[in-house]
Amino acid sequence: VNQIARGGRSHRPPLLAVDVTGALHIVGTLIAYLSASTLIPAVVALGYDESPWPFLVAGAVAGGIGIGVASVTRGDHRLGVREGFLVVALTWLVAAALGALPYVLSGDPQLDRPVDAYFEGMSGFSTTGGSVVPDVEALPHGLAIWRQFTQWLGGIGIIVLALAVLPRLRVGGRQLLEHEMPGPEIETLTTRIRDTARRVWTLYIGLTVVLFGLLLVLGLTGIDDEMSPYQAFAHALTTIPTAGFSTRGDSVEGFAHSTQWVILVFMILGGVNFALMYRAIVRRQPRVAARDQELQLYLALLLVGAAVIVAEIWTEDVVSGLDGLRVGMFTAVSTMTTTGFSVADYNAWPTLAVMTIVGLMFVGGSAGSTTGSVKVVRHLLVGKLLRREIDQTLHPEIVLPVRLNRRVVEERTLRAVLAFVLLYIGIFVVGAIVLAIDAARSGLDLSAFDAVSVSASMLANVGPAFGVGGPLGSFEPFSDFSTLVMTALMWLGRLEIIPIIVLLSRHYWRNA
Amino acid sequence: VKIFVIGAGQVGATIVDALHDEHELTVLDLDEERLAALSQRYDIHTVEGNGASRRVLSDAGVAAADLLIACTSRDESNIVSAMICKAVAPRTTTIVRTTNPEYLDVWREGQLDVDFIVSSEVETAQAISRTIRVPAARQTDVFAEGQVQLVEFDVSGAADPRLLGVPLRQAELPPDSRLAAIIRGDKMVFPRGDETIEVGDRIVVIGSPEAAQAWGELIEPGTGTVTDVVVFGAGRAGTAVARVLLEQGIGVRLIEASLERARLVAADLPDARVYHATGLDPDFLERERIADAQVAIFAMREDVKNHFAAALAKVHGARFTVAIVHDASSVEVFERTGIDVTVNPRQVTAEEIVRFAHDPRTQQVSMLEGDRYEVLDITTRPGSEFVGLAFKDMPIRGSFIGAIVRDGRAVFPRGDETLRPGDRAIIFTESRRVPEVEKAL
């Protein structure tokens with residue numbers, strides 16, 4: 001007996017229950033690939049007679065570190081759901097750093113402080129669109145395009161994350177995505193990511209190219225004098241990922257009205273579940289899309305939000321006629337899809353319009369899109385859950401399955417949805433309080449409402465908020481601490497909170 | 001006709017009882033005692049052996065059979081028997097009994113090589129649905145794929161005064177229906193224009209399903225349309241009933257004791273309200289106002305439970321109770337203790353099979369008042385003495401044509417309509433006149 005016991009003791013359990021080196025290997029590989037993307041702004045910089053070195057150095061440094069980490073951690077790894085959380089959390093942190101590197105290296109006075117640069121990098125890869133740059137138009141073309149391009153890269157990362165990774169990690173309920181990418185059920189995480197990316201990416205690039213073409217035509221035909229090929233490229237990059245960075249100080253306000261309508265339509269498209277869009281467009285099953293409850297509610301909420309804002313600015317005589325319709329609809333769509341483009345400074349709008357805008361920040365688009373926030377499907381399920389609770393108060397014995405698109409949703413999924421919404425609200429509240437207190441400490445003029453709107457906007461990856469961080473402002477006046485808090489909010493919101501919260505659990509790291 | 005019956009249980013025995021007179025029966029079963037009991041009572045050939053074995057079937061001479069009825073309690077075994085039969089004797093007609101509605105679906109899609117499938121659950125569900133659609137009815141039956149309904153009512157003082165004591169030719173009777181007979185005491189009275197309906201009469205009506213409901217409303221005002229039905233037990237039988245009722249737009253509440261099963265059924269039937277409860281808890285019955293339901297159906301697996309639950313529901317004020325009774329010998333207990341309607345799945349199944357196996361010209365037979373009256377569904381021969389005759393000129397000889405089915409559609413003939421060859425006539429008649437009627441048409 002002793003013999004056996006000693007034999008058992010000789011097998012020491014691993015220090016951590018997570019294969020950290022395995023996770024690092026993946027993150028390192030990802031960054032190595034991602035570093036190649038710095039070539040695009042380098043080319044743009046060359047074209048405008050600017051120095052390409054910040055990008056080339058950043059690419060070389062990030063690529064070197066990525067390859068270095070990947071080769072050091074090479075080996076036999078156990079990669080499963082646990083490691084998935086770590087990979088996801090680290091990827092966006094490291095990607096934001098890659099995004100920040102050219103800003104710091106360029107020595108541009110508006111972005112060379114590491115905290116600011118990191119905020120801008122996170123705002124890029126999380127497709128938020130809030131900026132610490134007070135005067136965007138003063139940025140060199142290379143840096144400006146890099147900002148736009150990080151959002152485009154972030155967008156495709158988010159779709160793969162939402163369609164392939166998070167469902168596997170059972171985040172927010174793996175059943176949420178009725179239209180998970182079609183494919184064999186039994187797949188490893190890596191093959192699933194590869195398949196999803198391959199399928200979605202044609203659609204993603206296709207939509208970007210179509211928008212670029214349309215904007216180009218608007219510019220070339222003289223319909224929009226402001227729309228140069230450079231602007232068309234810059235805005236095509238940040239519309240489909242519902243991201244919202246602009247190369248212009250007044251966002252898209254200075255563009256022609258027809259341009260704004262085109263961008264509005266593509267923001268709506270960007271808020272649709274990409275897997276559903278894939279089925280409707282590529283697989284030619286538009287009926288599936290028409291019957292999708294989430295899509296129906298998404299469009300209905302867009303309409304209601306727009307109607308309320310338009311009605312309010314009409315009746316209060318802020319903007320009248322067709323302009324009011326355009327401005328109101330654009331603001332509603334831009335906010336709800338968490339894009340963050342603006343065509344008007346809504347800071348001074350009447351209360352109902354302002355409250356509707358803040359409310360829309362909590363809606364978001366469809367699951368499986370590049371939008372942030374709570375997302376429509378969760379609102380739908382919480383609503384159904386509440387209706388069931390009320391029914392069950394009266395009839396304790398009744399068995400009422402909650403259905404989504406006629407299919408019964410697992411109780412586990414419903415619990416996960418509820419947990420997500422509660423966490424979301426909790427983090428939003430904490431964020432608002434911390435921002436308000438820090439603003440008071442650092443002497444920043446930020447009302448309680450402004451703090452609430454900033455927290456909501458950052459967590460939902462919208463971008464602009466109210467007050468100094470409004471559509472025409474920037475987040476430059478915020479203290480370094482507040483900037484880091486906002487960066488954290490963007491990170492949490494983008495990764496749907498739970499993958500990060502999971503890392504705080506003792507039982508994530510230790511088996512016993 | 002040579003008929004093979006596989007399975008000598010209750011269904012098999014009922015079939016044998018109905019068919020032994022006119023046909024040459026061979027009964028197969030594994031149980032020697034069951035076979036012995038049957039062969040003592042009826043003139044039949046019995047074979048002890050497995051009906052799903054090719055050797056046994058071949059040795060028993062299945063190749064010469066005209067019809068094979070596989071009616072054991074095991075679905076798969078029945079299907080295998082029918083398939084072997086099709087392989088050995090392709091021209092033999094096969095009938096399979098199943099308890100699983102899924103096989104019925106597969107068969108309807110043409111993926112099961114069987115001529116006719118009878119599902120106990122579906123037949124039972126339809127029998128119950130027929131009964132409760134007209135709550136005032138004593139007995140109902142349907143013909144011509146549900147287009148023609150036969151209903152028997154007991155006329156009480158609660159009946160509409162526009163009906164009682166009014167000569168029939170002046171009374172406003174529901175359209176698309178005909179009063180086939182008035183049974184007064186032991187006598188049958190044929191409804192001539194000067195006849196009246198009195199309290200205590202038992203009447204037989206043949207008409208469209210809507211007309212049958214309208215009659216129900218006349219006989220017992222306020223019971224016309226059913227909107228709220230409670231089904232106790234969400235097993236196969238209960239869900240089959242619920243499904244049939246839901247399809248007719250009737251609201252259904254299902255009560256199921258097993259949580260797992262309740263969840264499954266709730267997922268399956270989005271329009272039903274499913275409760276996880278035993279149905280034996282007075283608090284629950286009160287809270288959910290179960291007694292307010294127009295009909296309570298008891299479809300649990302055990303007769304004893306159904307009986308108690310039905311009695312309890314009655315105590316709580318349930319107005320109309322329908323119970324599925326599995327053991328034929330319990331039927332009387334249920335009926336004597338105040339359960340309004342009982343349905344025996346095996347009986348229903350056997351009847352359905354017998355209907356199919358009957359003379360091809362006589363499509364359907366229904367019995368009333370024990371076996372004193374019968375309803376026949378006969379196709380008119382071209383040479384019949386009645387062809388070309390108007391209905392008002394037909395002699396009344398203890399029989400009455402309630403409806404005809406012409407080109408697949410039910411017609412409720414007025415007096416000047418004439419009978420054409422090929423018409424299917426739904427005829428109400430005294431049993432002793434059946435051969436006479438069959439010959440005349």
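Order of the sequence lines sets the chain letters (A, B, ...), proteins ahead of strands, with each chain counted from 1. This one's a predicted model, so the numbers in the text were calculated from it and none came from an experiment.
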Test: B:R108 and B:D105 ion pair at under 4.0 Å: yes
Contact winner vs chain B - A:L394, A:L400, A:D391, heavy-atom pairs under 4.5 Å: A:D391
Smallest separation among heavy atoms of B:M83 and B:D113, with atom names: CE-N, 4.0 Å
Cationic N near anionic O, under 4.0 Å, A:E411 to A:R388: yes
Backbone N/O of A:E389 and side chain of A:T393: donor-acceptor pair under 3.5 Å: yes
Any donor-acceptor pair under 3.5 Å from B:N78 side chain to B:R97 backbone: yes
Proximity of residues 307-325 of chain B to chain A, residues having a non-hydrogen atom under 4.5 angstrom: none
Stepwise side-chain contact (heavy atoms from CB on, under 4.5 Å) check, A:K375 with A:Y424: CA-CA 11 Å; A:K375 296 193 179 69; A:Y424 191 90; over 6 Å; no
B:Q294 side chain vs B:T227 backbone, donor-acceptor pair below 3.5 Å: yes
Heavy-atom contacts under 4.5 Å, residues 273-289 of chain B to chain A: B:R273, B:V274, B:Y275, B:H276, B:A277, B:F284, B:R287, B:E288
Steps toward side-chain contact (heavy atoms from CB on, under 4.5 Å) verdict (A:V200, A:Y278): CA-CA 7 Å; A:V200 175; A:Y278 179 86; 5.8 Å; no
Structural part of A:R406 lying under 4.5 Å from a heavy atom of chain B: neither
B:R236 CZ to B:R243 CZ distance, which is reported to the nearest 0.5 Å: 12.0 Å
Donor-acceptor under 3.5 Å (A:N461 side chain, A:G372 main chain): no
